[in-house]
Amino acid sequence: VCNHTASISLVHFLHFSENLTVSFIVFVRWEEEKYEDGVKWKFLEHNGPYFPPEYQPVPDSVHFYYNGKPVKLSPSAEEVALFFAQMLDHEYTTKKVFRENFLKDWRMVSMTPEERSLIKHLNKCDFGEMHAMHKAKVEARKNMTKEEKQAVKDANQKIVDMFGYCLLDHHKERIGNFKIEPPGLFRGRGEHPKQGMLKKRIQPEDVIINCSKGSRVPVPPAGHHWKELRHDNTVTWLASWTENVQGSIKYIMLNANSKLKGEKDWEKYEVARKLKTCVDDIRYQYNQDLKSKQMSTRQRAVALYFIDKLALRAGNEKEEGETADTVGCCSLRVEHITLHDQLEGNECVVEFDFLGKDSIRYYNKVPVIKKVFKNLKLFMENKEPGDDLFDRLNTQMLNKHLTSLMPGLTAKVFRTYNASITLQQQLKELTNKGDNVAEMILSYNRANRAVAILCNHQRAPPKTFEQSMANLQAKIDTRKEQLTLAKSELKQAKKEAKSKGNSDPKLLVERKKAAVKRCEDHLLKMELQATDKEENKQIALGTSKLNYLDPRISVAWCKKFGVPLEKIYNKSQRDKFAWAIDMTDEEFEF
DNA sequence: TGTGACACTTAGAATCTGGATT
DNA sequence: AATCCAGATTCTAAGTGTCACA
């Protein structure tokens, strides 16, 4: 695939070099498309989303019991019952809200009137056999033969080939989520008021298709039709539907390694880099604003101070009772902070304790400057714990102000900026020139970890953590014994070499020396691994790596210190960051 | 000035996979 | 060949931020 100019150059080249033997490589670049404002593509063709298989009724041998008596459920009630039965091992099914929501939807949405009048209490329901059937199915799948597993894999691959790609401006692109979400029970995070509600099966009649006017229109499953066919090239989605639990819109979109997502990613980091050039002015500004006569300006300044210093999220307001009770900066309430004039040797300490995105707890004790502290005291005067801390501020006002300071600047840019600049600083601080690759990786992970801590990216400690830690320790111990052994063998060999003096034992000494060295290297590597693992127990590095750290920092660092890039980024991460890998040399500065 | 629809990024959990270990 | 486990991938919920409209 060549554009015109490239083709013409190639013809000239061949013409003038006909008497030469030449090898040449043609680099084919994506032809620069000129888009009007807001236009995301010129041509888009795809096969539509993949629909999950229809529900298969359970065999007659599997019973559901109500009040101890077997009850044959109608297909729709049975399908929903199975959703619950499959989750029986999960903590969700013990939660009051989950059970209530489930029972309500099960009865109202899926049961016949007769079933509804019979089945009224969840604790009289016995899903035991359905649960056992599900477990047996999982087990059977695990025990499939190699051939059967291969057959399943091939079938899945066929689905990916058919539905997993689209054609966007003459290039085949991978779609990120090409499957319609299957029905099931809604699993919110934290204390979600809607947990357990039925997520309905999506039909083609619910789905809007977006593609080019002149393209091959995706064919809906037999006997069905789409809700709507649309040709909107100002958006990037290929299909969408409205989900019934929260009423939000779900989209089918491209994979992160696509041009569309890559360019957006690049733009994001460029905005963050631009903030670097004016962050000092902005900090000076909000420091001044802390003394403003306007209450709303002072609140804005304090919020900005938190967002900048602590990398808090903006904190849009949310509809009460529709989602779990979580907050960000602008939506903080009085109950979420405690002020300490003195704490652990520091003055003016703010103690934060609140649930953020995904109901992850943010707990931090932070010394702040006096002006901020005094303002906070003022903001909290005569307020109840449940009142808004920043009652004169919302994210729209904050972002409007930020955009006036720098085009494209919003609250979230501070998170990106602070994350990336932290990585760069930490790498500079932690990397030692002479270190080997394993030590380099540990340094990188530590720098990455500093960012993850800043952004409060947590994870539940893996269930197998203690065990695998012990395993690793055991390995280290064995290796230590080996090392002792190898050392004593080396000593022995040296002794022999001295007493005999001929060349053979000398060779032996060299060999033993190498063995000791190997052992030491291996031991060091494992010990570093153990340190890394321990420090990582409750911290998730992935999120910051994928979303907050300018990949060019990592690429430059790898080049500078001779660390293979694949030690830092796996295959799909390298795909996602291909744009950065292409353009970055070791001198890059964020 | 507030509000809801919309489109997009960010997020941790669940599940899968393939290579190391037994 | 079987098993185990860590890392990779998938899944989809939960945020952010803009815009049109009243």
Side-chain angles (χ1 to χ4, degrees), chain A residues 38 40 52 87 90-92 138 141-143 145-146 149 152-153 156 160 164 176-182 184 186-190 192 194-195 199 208 210 232 234-237 240 242-243 245-256 260-261 264-265 267-268 313-319 322-324 326-331 355-360 394-400 402-403 408-413 415-416 419 452 455-460 462-465 467-468 471-472 475 529 533 536 538-548 569-573 575:
Chain A
K40 307 288 170 62
M87 287 179 73
H90 204 289
E91 200 202 332
Y92 272 122
V138 171
R141 200 157 26 135
K142 229 170 62 187
N143 293 331
T145 63
K146 236 181 181 175
K149 277 184 184 163
V152 170
K153 213 177 152 187
N156 282 334
V160 174
N177 57 326
F178 59 87
K179 291 174 177 167
I180 296 283
E181 291 174 15
F186 178 77
R187 299 148 90 119
R189 308 273 171 86
H192 202 295
K194 297 194 170 185
Q195 63 188 102
K199 217 173 98 163
I208 303 172
N210 192 31
D232 183 354
T234 66
V235 294
T236 67
W237 52 268
S240 73
T242 301
E243 159 265 359
V245 175
Q246 317 233 46
S248 64
I249 309 170
K250 301 276 189 152
Y251 301 94
I252 302 280
M253 285 184 187
L254 294 183
N255 192 282
L260 221 53
K261 297 278 187 192
K264 202 80 188 294
D265 212 27
E267 274 172 28
K268 174 180 77 183
R313 295 188 184 82
N316 285 313
E317 49 271 63
K318 335 197 320 181
E319 232 175 312
E322 295 291 299
T323 60
T326 62
V327 297
C329 186
C330 292
S331 50
L355 297 181
K357 182 177 178 179
D358 292 308
S359 294
I360 297 290
N394 60 35
T395 53
Q396 291 98 307
M397 293 159 64
L398 179 65
N399 281 336
K400 209 172 156 196
L402 288 174
T403 310
L409 185 61
T410 59
K412 83 194 269 278
V413 178
R415 247 167 104 80
T416 312
C455 294
N456 200 39
H457 291 142
Q458 297 188 30
R459 61 169 185 179
K463 287 192 189 85
T464 54
F465 184 84
Q467 186 54 48
S468 68
N471 287 351
L472 190 58
K475 273 192 205 165
Q529 206 186 340
K533 205 179 169 110
N536 243 4
Q538 300 198 54
I539 298 171
L541 298 186
T543 302
S544 50
K545 205 185 222 183
L546 234 45
N547 300 306
Y548 288 103
Y569 291 139
N570 66 29
K571 179 74 176 75
S572 56
Q573 290 164 343
D575 280 350

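Just the heavy atoms: all of them, side chains too, but no hydrogens, waters or symmetry mates, feed the values below. To find a chain, count down the sequence lines: A is the first, B the second, and so on, and within it residues start at 1.
Separating the CG atom of Asp265(A) from the P atom of dT9(B) is a distance of 8 Å, rounded to the nearest angstrom. Atom CD of Gln458(A) and atom C1' of dA13(B) are 14 Å apart (whole Å). Here the P atom of nucleotide dC6(B) and the CH2 atom of Trp237(A) are 10 Å apart, to the nearest Å. Atom pair Ile252(A):CD1 and dT10(C):P shows a separation of 14 Å (rounding to whole Å applied).
No side-chain heavy atom of Asn316(A) sits less than 4.5 Å from a side-chain heavy atom of Cys330(A).
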Can you give one letter per nucleotide of nucleotides 12-22 of chain C, 5' to 3': B if a protein heavy atom sits under 4.0 Å from the base, S if only from the sugar-phosphate, - if neither?
SSBSBBS----
What does the B/S/- profile of nucleotides 16-22 of chain B look like, 5' to 3', with a 4.0 Å heavy-atom cutoff to protein?
S-S----
Can you give me the N/O atom pairs linking the protein to nucleotides 2-9 of chain C at distances under 3.5 Å, or say none if there are none?
from: dA6(C); atom 1: OP1; to: Ser468(A); atom 2: OG; distance (Å): 3.2
from: dT9(C); atom 1: OP2; to: Ser572(A); atom 2: OG; distance (Å): 2.4

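Sequence order on DNA chain B of the closest nucleotides to Thr242(A) and Arg459(A) puts Thr242(A) first from the 5' end. Residue Glu319(A) is the one, among Asn547(A) and Glu319(A), whose nearest nucleotide of DNA chain B lies closer to the 5' end (criterion: closest heavy atom).
Heavy atoms of Thr236(A) sit under 4.0 angstrom from primed sugar atoms or phosphate atoms, though from no base atom. In this structure, Lys146(A) reaches neither bases nor backbone, as no heavy-atom distance under 4.0 Å exists between it and the strands shown.
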Could you walk me through whether Val138(A) and Arg141(A) pass the side-chain contact (heavy atoms from CB on, under 4.5 Å) check?
CA-CA 5 Å; Val138(A) 171; Arg141(A) 200 157 26 135; 4.0 Å; yes
Could you walk me through whether Thr323(A) and Gln246(A) satisfy the side-chain contact (heavy atoms from CB on, under 4.5 Å) test, starting with their C-alpha distance in whole Å, then the side-chain angles of each, then the deciding distance to 0.1 Å, before giving a yes or no?
CA-CA 9 Å; Thr323(A) 60; Gln246(A) 317 233 46; 4.0 Å; yes
